[in-house]
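In what follows, a structure is listed as structure tokens, so that the remarks can point back to it.
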Amino acid sequence: MGPYTITYFGVRGRCGAMRIMMADQGQEWKEIVVDFADWMKGDLKATCVFGQLPKLEDGGFALYQSNAILRHLGRNHDAYGKDGKEAALIDMMCDGVEDLRLKYVKMIYQEYDTGKDAYIKDLPNHLDKFEAVMAKNKTGFLVGDKPSFADYSLFEVLLNHLVLCSCCLDTFPSLKNFVEKMSARPKIKAFLDSDAYKKLPINGNGKQ
């Protein structure tokens, strides 16, 4: 396993969670940064299974779709639960995070100027579901007693939301503790403090 290669644009975007996960797991990876103007020429796009990036290469194995990549990394690095039931719950939580991510992306790219305030006002109605799961599990993680790929995905989404609204977790103690706990993990902390992380915007339209 590894070193992995990520092909993506010069943003955190859909690769944010997988980069954090690989960093925490002590994995090395290479980055092939795609210029958007080059992407629009269509040559690389035509080679992608669904016409989308990111692309992860694991040796001679190529994989597309960000959540499929997270699942692959989860299987590779013992971050997919201890049995089938935990794996199913982790899948469920990953899908829940994806629902929130899609709402966030729609707001950022389509409704930022007109819908940001309404989005932030409605955000507790989405965060409370994760708060309830985290509070019930009592381990500081979504499922089981160590981070799964769904935790890395949720963590990255919450970091983005804290940039959007710094007080958004103030009424969600379990989620706030989760972000603090994940941020303090030595390898994650080192990555979040690195120039490689800091230099990348969250999204590609300059809104964050």
Side-chain angles (χ1 to χ4, degrees), residues 1-77 79-80 90-91 93-112 119 147-164 182 187-188 191-192 194-208:
M1 294 180 291
Y4 299 106
T5 300
I6 287 174
T7 302
Y8 196 51
F9 309 106
V11 298
R12 297 176 199 171
R14 283 281 180 178
C15 285
M18 65 185 75
R19 290 179 180 124
I20 291 170
M21 181 175 180
M22 288 190 290
D24 194 39
Q25 296 292 334
Q27 297 300 302
E28 295 182 359
W29 71 94
K30 302 173 186 175
E31 296 262 1
I32 297 175
V33 181
V34 178
D35 182 80
F36 191 70
D38 290 337
W39 172 255
M40 293 305 292
K41 294 175 183 176
D43 295 341
L44 175 59
K45 184 183 180 75
T47 70
C48 301
V49 174
F50 296 102
Q52 298 172 326
L53 294 174
K55 173 185 178 181
L56 178 80
E57 293 173 88
D58 179 359
F61 178 63
L63 193 62
Y64 299 86
Q65 295 290 340
S66 56
N67 286 318
I69 292 169
L70 284 175
R71 287 180 167 91
H72 177 68
L73 294 173
R75 283 185 286 268
N76 279 359
H77 301 291
Y80 212 147
I90 290 166
D91 282 336
M93 297 313 304
C94 182
D95 288 353
V97 175
E98 177 67 9
D99 287 345
L100 177 57
R101 187 186 297 277
L102 288 174
K103 290 180 176 70
Y104 166 80
V105 168
K106 181 180 179 183
M107 181 275 297
I108 286 289
Y109 282 96
Q110 299 177 26
E111 302 167 353
Y112 187 82
Y119 178 89
S148 70
F149 67 86
D151 288 292
Y152 294 110
S153 189
L154 177 62
F155 173 59
E156 193 262 343
V157 165
L158 293 178
L159 289 181
N160 295 346
H161 280 83
L162 285 167
V163 173
L164 182 73
M182 291 291 282
K187 291 174 183 176
I188 290 181
F191 178 65
L192 296 182
S194 70
D195 289 339
Y197 176 79
K198 289 181 176 180
K199 73 180 181 182
L200 294 178
I202 296 173
N203 304 296
N205 65 349
K207 299 300 183 184
Q208 285 193 355

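Just so you know, these numbers use all the heavy atoms, side chains as well, and skip hydrogens, waters and symmetry mates.
- For residues 43-52, the pairs satisfying side chain to side chain donor-acceptor pair (under 3.5 Å) are Q52-Q65, with sequence neighbours left out.
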Donor-acceptor contacts under 3.5 Å from residues 13-25 side chains, at least two apart:
| unit_1 | atom_1 | unit_2 | atom_2 | d |
| --- | --- | --- | --- | --- |
| R14 | NH1 | S66 | OG | 3.2 |
| R14 | NH1 | E98 | OE1 | 2.9 |
| R14 | NH1 | E98 | OE2 | 3.2 |
| R14 | NH2 | E98 | OE2 | 2.9 |
| R19 | NE | E31 | OE2 | 2.8 |
| R19 | NH1 | V11 | O | 3.1 |
| R19 | NH1 | R12 | O | 3.4 |
| R19 | NH2 | E31 | OE1 | 3.2 |
| D24 | OD1 | R185 | NE | 3.2 |
| D24 | OD2 | Y152 | OH | 2.5 |
| D24 | OD2 | R185 | NE | 3.0 |
| D24 | OD2 | R185 | NH2 | 3.1 |
| Q25 | NE2 | Y152 | OH | 3.1 |

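- Applying the salt bridge (charged side-chain N to carboxylate O under 4.0 Å, His left out) test to residues at least two apart or on different chains, the pairs with a partner in residues 149-164 are R101-E156.
- Contact check on D38 versus K41 returns a salt bridge, with a Lys/Arg side-chain nitrogen under 4.0 Å from an Asp/Glu carboxylate oxygen.
- Here the CG atom belonging to N76 is positioned 12.0 Å from the CD1 atom belonging to I69, to the nearest 0.5 angstrom.
- Here the two rings, on F191 and W29, have centers that are under 6.0 Å apart.
- For the residue pair N203 / Y104, a side-chain donor-acceptor distance below 3.5 Å is found, with atom types taken as modelled.
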Can N205 and Y112 be said to form a side chain to side chain donor-acceptor pair (under 3.5 Å), step by step?
CA-CA 10 Å; N205 65 349; Y112 187 82; over 6 Å; no
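- Using a 30° and 60° split on the angle between ring planes, H77 and Y4 fall in the perpendicular class, above 60°.
- Under 3.5 Å, the side chains of N67 and D95 contain no donor-acceptor pair of N or O atoms.
- In this pair, F61 and H72 present their aromatic rings tilted. The plane angle is within the 30 to 60° band.
- Other residues, nucleotides and ligands contribute only 12 or fewer heavy atoms inside 6.0 Å of the CG atom of D195.
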